[in-house]
Amino acid sequence: MSTSASAPHIVVVLPWGARYAPNARPGAIELCAEGFVADSRYRATTTILTNIPVDDQGQQHAPFEVGNFVAVSDKRVREDRFEWCRLVVEKLRALKPDLVVVHQTCLTAQQIRKAFPDLPLILHRHDSQVPSSPFKHWGQNWQMRAATKVVANSDYVLRHHKNRCLIPAHKLKRIYNSLDFSRFDPNQPK
């Protein structure tokens with residue numbers, strides 16, 4: 001569902017634990033996503049999809065004013081990643097995006113691919129998280145391959161995904177986060 005011929009509808013899916021709000025002590029992933037959307041020429045047609053932003057004390061905060069924020073549920077989804085994926089897919093069916101960008105979570109990318117086999121899907125990896133179990137590691141690598149492209153935020157993460165996760169070089173791209181802490185105190189615990 002493009003809003004116009006020149007402006008694709010992009011949905012950015014943050015991890016289920018994300019807190020997309022300036023006052024909810026956001027982490028690097030939330031700040032990166034907010035920065036990319038703020039600097040995008042498509043910010044008016046970009047939707048941010050994640051949990052409602054709640055801080056460590058359980059207080060709900062207003063989301064960043066960058067992008068069109070949509071919560072996957074009216075209450076925070078905890079621990080059940082398959083329920084999370086089901087809710088994300090349900091929201092995507094209603095939003096009808098032209099492109100989906102999934103931050104960090106391979107399972108979410110794989111579940112979106114199963115539901116929308118022809119939808120362009122970018123998986124943005126922020127670190128080289130490796131499950132301790134070889135079976136879980138293999139599963140994570142398999143889930144990553146569902147993405148049309150895998151974006152890494154550093155040379156190290158790019159090399160890791162190429163050499164350890166065996167993501168083909170033509171599917172990999174590095175884009176630095178370029179986080180701006182001028183509005184935030186970087187000495188916070190998170």
Side-chain angles (χ1 to χ4, degrees), residues 1 3 7-81 83-92 94-109 112 121-129 147 149-154 156-157 173-190:
M1 172 191 113
T3 54
H9 181 204
I10 301 168
V11 174
V12 176
V13 181
L14 296 180
W16 66 277
R19 294 176 298 234
Y20 190 72
N23 298 322
R25 293 179 49 201
I29 294 174
E30 296 96 314
L31 295 175
C32 174
E34 189 263 349
F36 277 136
V37 175
D39 292 336
S40 172
R41 67 180 155 190
Y42 303 118
R43 70 178 158 261
T45 59
T46 298
T47 300
I48 307 296
L49 187 60
T50 191
N51 262 316
I52 53 176
V54 175
D55 66 18
D56 296 334
Q57 287 74 42
Q59 181 181 357
Q60 186 173 335
H61 292 276
F64 285 107
E65 294 181 7
V66 173
N68 307 303
F69 178 80
V70 174
V72 294
S73 175
D74 58 351
K75 62 183 172 69
R76 228 166 137 70
V77 178
R78 295 256 187 212
E79 305 303 322
D80 189 342
R81 294 182 192 253
E83 175 64 7
W84 168 257
C85 291
R86 186 190 69 72
L87 291 167
V88 167
V89 166
E90 187 177 292
K91 286 292 183 184
L92 290 175
L95 293 169
K96 297 179 174 60
D98 298 307
L99 169 70
V100 174
V101 179
V102 175
H103 280 264
Q104 191 66 5
T105 52
C106 304
L107 176 64
T108 304
I112 291 170
L121 174 69
I122 297 171
L123 176 60
H124 188 143
R125 295 287 292 166
H126 294 264
D127 59 39
S128 57
Q129 244 177 13
K149 290 280 185 190
V150 177
V151 171
N153 69 349
S154 70
Y156 173 81
V157 173
K173 177 82 175 157
R174 184 203 66 250
I175 303 175
Y176 295 118
N177 276 354
S178 58
L179 294 177
D180 175 12
F181 292 104
S182 63
R183 296 175 292 145
F184 301 99
D185 177 7
N187 296 316
Q188 292 291 322
K190 173 108 172 115

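Here the structure is a predicted model, which means the values were calculated and not measured.
When all heavy atoms of Pro26 and Leu31 are compared, the pair lying nearest together is CG-CD2, 3.8 Å. Ala7 and Thr45 get closest at one heavy-atom pair: CB-CG2, 3.9 Å. Among all heavy-atom pairs drawn from Ala62 and Pro22, the shortest one is O-CD, 3.8 Å. Tyr20 and Leu14 get closest at one heavy-atom pair: CD1-CD1, 3.6 Å. Scanning both residues, Val11 and Pro97, for their nearest heavy atoms gives CG2-CB, 3.5 Å. Shortest non-hydrogen contact noted between Ser128 and Tyr156 is OG-CE2, 3.3 Å.
Distance CZ/Phe64 to CG/Asn23: 8.5 Å, rounded to 0.5 Å. The CG atom of Leu121 sits 12.5 Å away from the NZ atom of Lys149 when rounded to the nearest 0.5 Å. Here the OG1 atom belonging to Thr108 is positioned 12.0 Å from the NE2 atom belonging to His103, to the nearest 0.5 angstrom. The line from CG of Leu123 to OG1 of Thr105 is 7.5 Å long, rounded to the nearest 0.5 Å. Distance check: Ile10 CD1 to Leu99 CG gives 5.5 Å after rounding to the nearest 0.5 Å. With rounding to the nearest 0.5 Å, the separation of CG in Leu107 from CD1 in Ile112 is 9.5 Å.
With Asn51 contributing its side chain and Trp16 its backbone, the two residues share a donor-acceptor pair below 3.5 Å. A side-chain donor-acceptor contact under 3.5 Å links Glu30 to the backbone of Arg19. Remark: the backbone N or O of Ala38 is paired with a side-chain donor or acceptor of Arg43 at under 3.5 angstrom.
Residues passing the side chain to side chain contact (heavy atoms under 4.5 Å, CB included) test with Asp55 are Ala24, Gln57, Gln59, His61, sequence neighbours excluded. For Asn153, the side chain to side chain contact (heavy atoms under 4.5 Å, CB included) partners at least two apart in sequence or on another chain are His124, His126, Val157, Asn177.
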Point to revise | Stepwise side-chain contact (heavy atoms from CB on, under 4.5 Å) test for Ser73 and Lys91 | key: CA-CA 9 Å; Ser73 175; Lys91 286 292 183 184; over 6 Å; no
Check your understanding: Given the rule in the side-chain contact (heavy atoms from CB on, under 4.5 Å) test, do Val100 and Leu49 qualify, once you have shown the distances and angles that lead to the verdict?
Key -> CA-CA 10 Å; Val100 174; Leu49 187 60; over 6 Å; no
Practice item. Before giving the answer on side-chain contact (heavy atoms from CB on, under 4.5 Å), spell out for Val12 and Phe36 the whole-Å C-alpha distance, their side-chain angles and the decisive distance to 0.1 Å. Key: CA-CA 10 Å; Val12 176; Phe36 277 136; over 6 Å; no
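Using a 4.5 Å cut-off on side-chain heavy atoms (C-beta onward), Pro63 and Ile48 make no contact.
Between Asp80 and Arg86 there is no salt bridge, since none of the side-chain N atoms of the basic residue sits less than 4.0 Å from a carboxylate O of the acidic one.
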